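Here's the structure we're looking at; comments come further down.
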2 protein chains.
Amino acid sequence: MLSKNLSKYVQSLHQKKYRQEHGAFLVEGAKSVREVLLSGFQVEILLITDQFYKENDLLPHNQRPRTEFVTPAELERVGTLASNNTALAVVKTRENRPLAAEPGELALVLDDVRDPGNLGTILRIADWYGIRKIICSDTTADVYNPKVISASKGSFTRVDWWYGDLVAWLKQQPDIPVYGAFLDGGNVHQTAFGGTGYLVMGNESNGISPEVAALVSRRVTIPRYGGAESLNVGIATAIILDNWRRGHPLAP
Amino acid sequence: MLSKNLSKYVQSLHQKKYRQEHGAFLVEGAKSVREVLLSGFQVEILLITDQFYKENDLLPHNQRPRTEFVTPAELERVGTLASNNTALAVVKTRENRPLAAEPGELALVLDDVRDPGNLGTILRIADWYGIRKIICSDTTADVYNPKVISASKGSFTRVDWWYGDLVAWLKQQPDIPVYGAFLDGGNVHQTAFGGTGYLVMGNESNGISPEVAALVSRRVTIPRYGGAESLNVGIATAIILDNWRRGHPLAP
């Protein structure tokens with residue numbers, strides 16, 4: 001049985017304001033909770049059902065985070081998922097530390113990607129293609145939003161991120177190619193990507209902002225063969241990373 | 001002001017049973033309604049706000065479908081969108097006629113793609129890559145589901161589909177390459193795609209069914225470089241079509 005205080009605490013983490021205040025976020029569902037328990041993230045509280053306990057080899061009581069046994073109804077009441085009969089973890093957020101691409105590395109840069117579902121999908125795609133770092137404008141959706149975490153399908157444990165001022169930050173990266181997705185760039189099928197660089201993806205409606213666009217050194221475009229006006233930003237990210245990986249297929 | 005009967009009719013079309021009974025479906029939002037009015041689809045009834053009327057050059061009264069002026073609140077009450085201050089069209093469904101790939105054409109085959117959002121995304125991607133035909137298993141989500149239509153962003157007007165028994169149908173296509181997306185196939189970066197063929201995409205959880213898999217002549221796989229277990233079916237479709245188009249870049 002969940003205490004009133006704990007219920008309130010968990011529910012408060014649906015909101016960015018309280019996630020920032022408490023330095024904590026929610027991870028929901030069996031797969032995501034299993035992955036976060038095996039990751040470098042610090043789990044503060046674990047809410048689990050009897051079923052989850054039986055189906056998973058958890059560490060002994062004194063070696064695992066504070067654990068409360070709950071019913072599916074309780075999980076659904078305090079969490080954000082319509083259906084959850086397994087687990088929810090309260091996890092400490094990471095420090096927001098600047099990132100940069102190392103030699104041989106491509107890092108993603110997100111300029112005002114607003115939709116949490118898109119951001120979660122982009123984490124999953126980045127993880128698939130072995131991208132380890134995502135640099136986000138301050139206006140990009142909060143990575144700790146439960147919808148982002150959920151859509152990432154556990155990939156948030158394998159990708160690092162930093163939120164900051166993209167313009168100031170890009171100006172400190174003068175000798176590294178900065179690729180950017182535009183509607184009027186060079187054909188991505190014919191782009192000779194270097195191994196090191198940044199790939200900038202822009203806002204769902206407006207694309208890359210003019211200030212950031214001015215710092216892009218190579219504009220790339222996914223060729224279109226039919227009538228659709230645009231591709232979703234997650235889809236476009238996947239296609240460009242797939243094209244980049246053709247020339248740089250080394251697994252990390 | 002909407003009559004009670006018309007409200008009921010529109011609301012009934014949220015459900016597949018009534019869409020089939022009436023042979024009609026809903027198209028919602030300004031962009032989608034504009035596209036369907038310019039398409040070959042037969043629009044039965046148009047519900048529009050004053051704002052939509054002012055901002056669009058509609059045909060004269062006697063040359064356009066039955067038109068009712070409504071408020072945004074009425075649109076939101078009878079439609080499926082949380083927010084709609086523009087338009088809704090009731091549109092006649094098309095006859096379900098078998099399709100086949102012509103020489104030089106790649107057609108998509110969907111084996112039990114269940115999520116309406118995924119199907120809508122796939123329509124949009126197909127349209128981007130100039131794919132004109134989608135053959136769906138009977139268990140695939142209903143293309144006339146308002147969520148599919150909405151997620152397709154107007155692309156449903158430029159792609160044709162047929163629902164039927166994939167196994168029986170594929171057996172009638174003996175001399176055409178049938179590509180299929182699997183986790184254990186040949187690297188899609190090294191696949192020499194022919195211009196003509198079918199590309200089969202499978203269910204979100206289970207992939208392509210064994211019965212259909214037996215009829216796939218070339219298994220392809222998107223190489224993975226990181227930790228994510230899988231890619232969403234819409235993303236995977238986009239990546240494979242992008243790889244196919246590299247070798248077959250002719251616009252239709």
Side-chain angles (χ1 to χ4, degrees), chain A residues 31-32 34-35 38-39 105-106 117-118 120-132 151-159 187-191 204 221-252, chain B residues 31-32 34-35 38-39 105-106 117-118 120-132 151-159 187-191 204 221-252:
Chain A
K31 179 177 178 344
S32 294
R34 272 196 299 269
E35 297 220 25
L38 296 172
S39 77
E105 185 178 31
L106 188 79
N118 285 341
T121 299
I122 290 172
L123 290 180
R124 185 176 170 195
I125 291 162
D127 185 24
W128 179 274
Y129 282 105
I131 303 295
R132 303 286 186 172
S152 87
K153 307 267 182 196
S155 289
F156 73 93
T157 62
R158 287 177 294 271
V159 177
N187 184 335
V188 73
H189 293 168
Q190 286 143 26
T191 299
E204 287 88 346
T221 295
I222 300 166
R224 178 173 76 148
Y225 304 88
E229 275 176 24
S230 63
L231 289 170
N232 164 282
V233 64
I235 304 266
T237 303
I239 294 167
I240 297 175
L241 289 180
D242 189 76
N243 277 274
W244 172 68
R245 271 294 183 200
R246 281 185 162 252
H248 304 279
L250 280 187
Chain B
K31 178 175 178 350
S32 293
R34 272 196 299 267
E35 296 219 26
L38 296 172
S39 77
E105 184 178 31
L106 189 80
N118 284 342
T121 298
I122 290 171
L123 290 180
R124 186 176 169 194
I125 292 162
D127 185 24
W128 179 275
Y129 283 105
I131 303 295
R132 304 287 187 170
S152 87
K153 307 269 182 192
S155 288
F156 73 93
T157 61
R158 286 178 294 270
V159 176
N187 184 336
V188 73
H189 294 168
Q190 286 144 26
T191 300
E204 288 88 345
T221 294
I222 299 166
R224 177 173 75 146
Y225 304 87
E229 275 176 26
S230 64
L231 290 170
N232 163 283
V233 63
I235 303 267
T237 304
I239 294 168
I240 299 174
L241 289 180
D242 189 77
N243 277 274
W244 172 68
R245 271 295 182 198
R246 279 185 162 255
H248 305 279
L250 280 187

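On a predicted model such as this, the values are computed, not experimentally measured, just so you know. Reminder, nothing fancy here: chain letters follow the sequence lines and each chain counts from 1.
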Quick one: does any side-chain atom of [X] pair with a main-chain N or O of [Y] as donor and acceptor, under 3.5 Å?
X      : Y      : value
B:R245 : B:Y129 : yes
B:K31  : B:K153 : yes
A:D127 : B:A228 : yes

Contact class of [X] relative to chain B, heavy atoms under 4.5 angstrom:
X      : answer
A:R158 : side chain
A:I222 : both
A:T157 : neither

Interface residue of largest heavy-atom contact number with chain B, from A:I131, A:N243, A:T237, under 4.5 Å: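 Max contact count across the listed options: A:N243.
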Residue among A:G234, A:A236, A:S230 with most heavy-atom pairs under 4.5 Å to chain B: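 Max contact count across the listed options: A:S230.
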Best-contacting candidate, B:A238, B:S155, B:G227, against chain A by heavy atom pairs under 4.5 angstrom: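 Looking at each of B:A238, B:S155, B:G227 in turn, B:G227 comes out on top.
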Heavy-atom side-chain contact between A:V233 and A:I122 under 4.5 Å: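 Yes, close enough: below the 4.5 Å cut-off.
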Heavy-atom side-chain proximity of A:P223 to A:H189 below 4.5 angstrom: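 Heavy-atom side-chain distance check passes, below 4.5 Å.
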Contacting moiety of B:R124, where chain A heavy atoms sit under 4.5 Å: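 Contact with chain A is through both the backbone and side chain of B:R124.
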Short N-O contact, B:E229 and B:R224, less than 4.0 angstrom: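 Result for this pair is no, no salt bridge flagged.
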